[in-house]
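Structure first, commentary second.
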There are 2 protein chains.
Amino acid sequence: MSRPGACRLFLSATFGIPSGTELTRQLSELATPVTVMRGETVETDPTAASLAFLTGGATKLSALAARGRHQIVAFHFGGDIFSIPAEGLHRHVITGLRDSALFLFPARAFYDRAAASPRIMRTLLERSQTALFRCRDKAVNLGRKTARERVAGFLLGMAERLDCPDDEPGCIKLPMSRRDVGESLGLTIETVSRQITELKEAGIIDTRGRSCIVLHDLDQLAAQAGNVEPRDAMSGLAPAAQRVVMVQ
Amino acid sequence: MSRPGACRLFLSATFGIPSGTELTRQLSELATPVTVMRGETVETDPTAASLAFLTGGATKLSALAARGRHQIVAFHFGGDIFSIPAEGLHRHVITGLRDSALFLFPARAFYDRAAASPRIMRTLLERSQTALFRCRDKAVNLGRKTARERVAGFLLGMAERLDCPDDEPGCIKLPMSRRDVGESLGLTIETVSRQITELKEAGIIDTRGRSCIVLHDLDQLAAQAGNVEPRDAMSGLAPAAQRVVMVQ
DNA sequence: CGGTTACATTGATCTTTATCAAGGCAGGCC
DNA sequence: GGCCTGCCTTGATAAAGATCAATGTAACCG
């Protein structure tokens with residue numbers, strides 16, 4: 001996937017622009033093709049933000065805190081675009097969950113050149129917003145949810161992003177280990193395991209081997225996830241709070 | 001701040017473009033001016049993402065989970081641009097910390113029109129990335145940090161964003177209550193209070209009344225925040241992990 | 001196909017933070 | 001300026017999840 005021209009094809013497919021243009025040539029000049037095998041990690045430029053285009057495979061992006069603690073900040077799958085910050089409060093590293101291929105760009109230079117194409121800027125902006133909204137939901141999970149809710153929500157989220165393989169309906173094949181799930185949910189591996197066992201005992205899910213999980217009852221799983229209830233979540237606000245409801 | 005023309009001036013100042021253009025006119029047509037008094041909340045269109053331009057004041061953006069739980073996802077101050085998602089897993093509401101004024105836009109329509117200006121798109125993209133990076137750091141704090149670390153990190157972050165008032169150096173006047181701090185850090189009000197007391201007893205900070213905090217020793221506060229240590233945080237990775245260090 | 005190894009599960013105990021319950025104090029208002 | 005209200009602090013107890021430790025098992029490999 002790192003032969004010359006591959007990057008231009010990928011840019012073209014991602015943004016819906018012709019691949020033969022001067023712009024795609026200029027952009028692909030900035031690319032560093034990287035392959036990451038399962039378990040390998042990639043560190044990007046610590047002095048500036050990078051942009052990653054994952055052409056195939058699956059990766060995790062984790063942040064490192066003091067005392068060797070890791071927090072997985074996002075999982076990415078083939079076709080995803082994501083950004084890696086310069087080293088600030090936490091260092092970020094990309095790790096392969098399976099063998100993966102990606103292109104790395106210096107973010108600033110990429111934006112400088114891409115500014116010429118409204119279509120590219122629009123796509124980048126929308127993907128960035130999606131990442132932000134996902135990250136906010138993660139913050140809610142980490143800050144306010146029980147272990148049960150986090151695990152149930154995680155399974156639902158993965159069911160949306162991973163396509164159910166082969167025959168078995170409602171079955172997802174998790175590409176990450178229990179440790180990864182824990183590091184994503186702010187839980188220990190043991191707690192994740194216990195929660196999965198309990199969901200299994202409740203008949204809501206089932207496991208097939210180590211990495212396959214069958215979701216029997218999506219509704220019940222959603223109920224376990226503790227997300228906002230349809231309409232009445234405003235209770236709990238300060239009583240004096242007024243509400244100005246905007247509908248645009 | 002909601003007289004006609006105010007929006008165009010704000011757009012012009014924010015993006016560094018002339019205010020008399022057709023584009024600023026078209027964009028300002030989409031604006032809904034809103035004032036939020038202290039403690040009041042604003043809900044945006046639940047069916048589509050909104051874009052908010054905070055012209056003055058200070059607000060919090062919180063997400064609502066089941067059982068009346070609130071997680072503050074971000075604080076915003078005058079000049080900030082931020083986006084509010086359509087109602088997904090969690091509902092989001094804006095609440096005034098002080099009396100505030102903002103313009104609300106339907107995000108999609110705003111992007112459609114702003115696409116004509118690379119400068120606007122670039123600014124929106126960079127602000128979105130900053131918000132994402134902040135949110136990721138928050139996720140690390142919520143998922144992997146102790147109460148002490150979260151409170152120390154919070155004070156440091158606020159010291160950067162709030163400008164130290166009047167005379168007292170290293171003094172910040174928090175515009176939010178202890179409850180808000182707790183809802184931002186995934187802690188109870190009591191735990192926040194205890195941590196502040198302990199930091200005070202350690203001589204690292206001091207309090208002046210209810211909302212002023214004097215930061216005596218930024219270095220020691222940073223040490224308490226448990227962010228990544230300069231160079232050796234890779235220990236703790238799987239031993240087989242290889243590293244491909246990219247420097248661009 | 002059986003042995004090996006890393007990953008996952010299960011169990012017992014401990015720690016951190018939430019929860020419950022009083023006080024204390026700051027700041028607003030007459 | 002003193003009262004009053006709401007916010008903050010402090011203390012005692014409980015619960016959720018972490019940690020420590022051992023066992024089980026899937027998947028890889030010869």
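In the text below, chain A, chain B and the rest are named by the order of the sequence lines, each starting its count at 1. Every heavy atom of this structure was used, including side-chain atoms; hydrogens, water molecules and symmetry mates were not.
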Under 4.0 Å: is that the gap between some side-chain N or O of B/Thr188 and OP1 or OP2 of C/dT19? no
B/Ser184 backbone acceptor or donor facing B/Gln71 side chain under 3.5 Å: yes
Is the CZ atom of A/Arg161 crowded by more than 12 outside heavy atoms at less than 6.0 Å? yes
request  = Verify the contact: side-chain N or O of B/Thr197 to OP1 or OP2 of D/dT10, cut-off strictly under 4.0 Å; return yes or no.
outcome  = yes
Atom CD1 of A/Ile213 and atom P of C/dA8 are separated, to the nearest Å, by 10 Å
So do B/Asn141 and B/Phe154 actually touch side chain to side chain, heavy atoms under 4.5 Å? no
Q. Which word best sums up how the rings of A/Phe103 and A/Phe10 line up, parallel for under 30°, tilted for 30 to 60°, or perpendicular for over 60°?
A. tilted
From the candidates C/dT17, C/dA26, C/dA8, the one with an atom nearest any side-chain atom of B/Arg210 is C/dA26
Quick check on C/dT17: is either OP1 or OP2 less than 4.0 Å from any side-chain nitrogen or oxygen of B/Thr191? no
Requested in this report: Tell me what B/Leu187 touches on the nucleic acid: a base, only sugar-phosphate, or nothing, going by heavy atoms under 4.0 Å.
Outcome: sugar-phosphate
Rounded to whole Å, the CZ-C1' distance (B/Arg179 to D/dG6) equals 11 Å
A/Arg178 has its side chain closest, among D/dT9, D/dT19, C/dA8, to C/dA8
Taken to the nearest whole Å, CD/B/Gln195 to C1'/D/dT9 is 13 Å
By nearest-heavy-atom nucleotide on DNA chain D, the more 5' of A/Arg148 and A/Gly209 is A/Arg148
In whole angstroms, the gap separating P of C/dA18 from CZ of B/Arg150 amounts to 7 Å
note: A/Arg69, atom CZ; D/dT19, atom C1'; distance rounded to Å ~ 15 Å
Rounded to whole Å, CD1 of B/Ile196 lies from P of D/dT10 at a distance of 10 Å
Q. Is any N or O donor-acceptor pair between the side chain of B/Arg194 and the base of D/dG11 shorter than 3.5 Å?
A. yes
The helix from C/dC1-D/dG30 to C/dA22-D/dT9: angle between terminal helix axes, five bp per end, to the nearest 10 degrees, reads 40°
* Identify whether any heavy atom of A/Gly186 sits under 4.0 Å from a base atom; if not, whether one sits that close to sugar-phosphate; answer base, sugar-phosphate or nothing. => sugar-phosphate
In whole angstroms, the gap separating P of C/dA18 from NZ of A/Lys145 amounts to 17 Å
Point to revise | Carboxylate-amine/guanidinium proximity below 4.0 Å for B/Glu149 and B/Arg144 | key: no
note: A/Glu190, atom CD; D/dA22, atom P; distance rounded to Å ~ 14 Å
Only one of A/Leu199, A/Ile205, A/Asp206 passes side-chain contact (heavy atoms from CB on, under 4.5 Å) with A/His216, and that residue is A/Asp206
Taken to the nearest 0.5 Å, the spacing of A/Arg148 CZ from A/Gln195 CD works out to 5.0 Å
